[in-house]
Amino acid sequence: MADMEKPQNVAEQAATNFIHNIIDKDLENQTYGGRVYTRFPPEPNGYLHIGHAKSICLNFTTAEKYGGKCNLRFDDTNPVKEDTEYVDSIEADVRWLGFQWDKLLFASDYFGKMYDCAVLLIQKGKAYVCDLSAEEIKQHRGTLTEPGKESPHRNRTVEENLTLFENMKNGAYPDGEKVLRAKIDMTSPNMNMRDPVIYRIAHTEHHKTKDQWCVYPMYDYAHPIEDAMEGITHSICTLEFEDHRPLYDWVLRELEWVEPPQQIEFARLNLTNTVMSKRYLKALVDEQNVTGWDDPRMPTIAGLRRRGYTPEAIRDFCDRIGVSKANSMVDIALLEHCIREDLKEKVETRMVVLDPLKVVITNYPEDQTETVEIENNKEVEEKGTRKVSFSRELYVERDDFMEVPVKKYFRLFPGNEVRFKGAYFITCQEVIKDEDGNVTELRCTYDPETRSGSGFDGRKVKGTIHWVDAKTAKPITIRSYSHLMVENEEGENILNPDSMREFEAYGEATLAEIKAGERCQFFRHGYYIADEKLTTGDEKVFNQIVDLKSSWKK
RNA sequence: UGGGGUAUCGCCAAGCGGUAAGGCAAUGGACUCUGACUCCAUCACUCGAAGGUUCGAAUCCUUCUACCCUAGCCA
């Protein structure tokens, strides 16, 4: 029984936000009979990115918090931009993040119902077929400060509208010839209410309904119907739709929906040094500035996944950034903090030398090799120890040596003794240089009594460094990253030509066991993942996930 | 120039009339078989500005300022 209650096991309940406040009030007033139902409604026209993750987390965790449900719904009302490749990737990404939708739906599932609703609006005299061209409609719309003018077709009879709309549906007209418009108010200060187009003609094959339809509903008309049909209570979207809310409400009111869902807007995510526009990301892919949507430098879910980010880290991030209506720019350092936080207690550590400098232990027998045992970090103690070979010739990191040390430098320098991780105390005795004066080798001595685990405590050293055994070192390829985008002098985001650097490195022999997709921490360097596409059998390619923070400066 | 929004620490963000939570970043220190991790400390007499109401305001009122969205048969 002895299970003493652990002092508040953190269990940090997600911070509440203004949306929760709205829902709390609805619950109090029994607005939806106590129901909470949300949805994540992406258009399948690209891959999901970290900004979508914010919306996904918000919708799913909000539903979960109130014991409600959340749907995944593809908003596929524009056949010219959408593709099945995208619906597959979106499904996979949402699932990877760890969320379970109640229903998987498509806006196109409702095309029939939407058509019927449009007929209903026509019958109520609330919609009409307009023959104006796109350009003419634009002319009639007026400007931000001037009211619009009514279309000459605005007052067609119900019967005529019904016939015309049916003809539209039956393919009697080419694209652009006619549209169906809501009859609202051409003088409204809100442009969205100036008789918005709600149906257009498009003789294009739809990824799902194929050639069943040649008229397609517009977002503003379709979205409220989709929400209402699914019993959505809180339709969460981003700020730019705020001006569309009156139209959202108008559609449902004219359709006489009882308990209509309510639209709530929040600020989309912006990240420093990151471009999130789908248009731009697609261009990066198309112009081959990156290797694909899942390039480890991309802010897409697929890219972050391949880069080594975990769903836990991304969800933690979304939790920490909060939700509000204020436009903001989140520092990417927070995302990096989240992945370090998650990985530090999950992954093992390895010794890898990125820029090797040869070390010869002059008092160590020429042909001897021994095995030393290396412990993991405290955070992953349960993973135990691993065995690594040690012998006379080793490689250490070039910057773990300084011929003339700066103050507070306590790694290798002439005459200084340091601990080689898991092995011995080593003293630098002599520096070998080539004719150009470059350091090519360090001649050192070791103290046999100081073997790791021997209990030796005769003296202490300030520094501990990593190393690899020259004889058994495993050559690997490292890819290290910096931001894909950087700011130029004008303060605009441009492509960083140095966003990826690839080079050869040496790791301890145990790296041979690492499989594609596995992560580890390289001492002093950061967290890495064996690339899921480039790591094959003996070939090891490691992507840098994030570096380690360091408080040491020269 | 119309309409709709938003302004709280370098970056996010709580707060909803009772006298400024938290996280990231930063800084100083302790610890350390890696300078990581951990720990401890510091970090908004002030809430875009100016007035007003009140015993008391970031929270209410007035005026002003800045920034974002908005004139697709995109979503």
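Scope of the values below: all heavy atoms of this structure, side chains included, with no hydrogens, waters or symmetry mates. Note that this is a predicted model, so its numbers are computed, not measured. Throughout, protein chains are lettered first and strands after them, A, B, ... in sequence-line order, and every chain is numbered starting at 1.
RNA chain B is contacted by no residue of residues 261-275 of chain A, taking any non-hydrogen atom closer than 4.0 Å.
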Output a table of nitrogen or oxygen pairs between the protein and nucleotides 37-43 of chain B separated by less than 3.5 Å.
unit_1: B/rC37; atom_1: O3'; unit_2: A/Lys344; atom_2: NZ; d: 3.3
unit_1: B/rC37; atom_1: O2'; unit_2: A/Glu379; atom_2: OE2; d: 2.1
unit_1: B/rU38; atom_1: OP1; unit_2: A/Lys344; atom_2: NZ; d: 2.7

Is there any protein nitrogen or oxygen under 3.5 Å from a nitrogen or oxygen in nucleotides 2-4 of chain B, and what are the pairs?
unit_1: B/rG2; atom_1: N9; unit_2: A/Leu144; atom_2: O; d: 3.2
unit_1: B/rG2; atom_1: N2; unit_2: A/Pro189; atom_2: O; d: 2.7
unit_1: B/rG2; atom_1: N3; unit_2: A/Leu144; atom_2: O; d: 3.0
unit_1: B/rG3; atom_1: N2; unit_2: A/Asp243; atom_2: OD1; d: 3.4
unit_1: B/rG3; atom_1: N2; unit_2: A/Asp243; atom_2: OD2; d: 2.7
unit_1: B/rG4; atom_1: O2'; unit_2: A/Asp243; atom_2: OD1; d: 3.3

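Look at the C1' atom in both B/rU54 and B/rC61: the space between them is 12 Å, to the nearest Å. Distance check on atom C1': B/rA25 versus B/rG10 gives 7 Å, rounded to whole Å. Of the P atoms belonging to B/rA50 and B/rC43, the separation is 25 Å, rounded to the nearest Å.
Neither OP1 nor OP2 of B/rU34 sits under 4.0 Å from any side-chain N or O of A/His466. Using a 4.0 Å cut-off, some side-chain N or O of A/Ser324 falls inside it from OP1 or OP2 of B/rA13.
A/Asn21 comes within 4.0 angstrom of a nucleotide base, judged by non-hydrogen atoms across all strands.
Taking A/Phe456 as the reference, A/Phe425 meet the ring-ring contact (aromatic ring centres under 6.0 Å, His included) condition, with sequence neighbours excluded. For A/Asp220, the side chain to side chain donor-acceptor pair (under 3.5 Å) partners are A/His244, not counting sequence neighbours.
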Please output the side-chain donor-acceptor pairs of residues 323-339 of chain A that fall under 3.5 Å, not counting sequence neighbours, one pair per line with the distance.
unit_1: A/Ser324; atom_1: OG; unit_2: A/Ala326; atom_2: N; d: 3.2
unit_1: A/Lys325; atom_1: NZ; unit_2: A/Glu242; atom_2: OE2; d: 2.5
unit_1: A/Asp331; atom_1: OD1; unit_2: A/Ala333; atom_2: N; d: 2.9

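One finds no salt bridge joining A/Arg73 and A/Asp109 here, because no Lys/Arg side-chain nitrogen approaches an Asp/Glu carboxylate oxygen to under 4.0 Å.
Ring centroid separation for the pair A/Tyr424 and A/Tyr446 comes in under the 6.0 Å cut-off.
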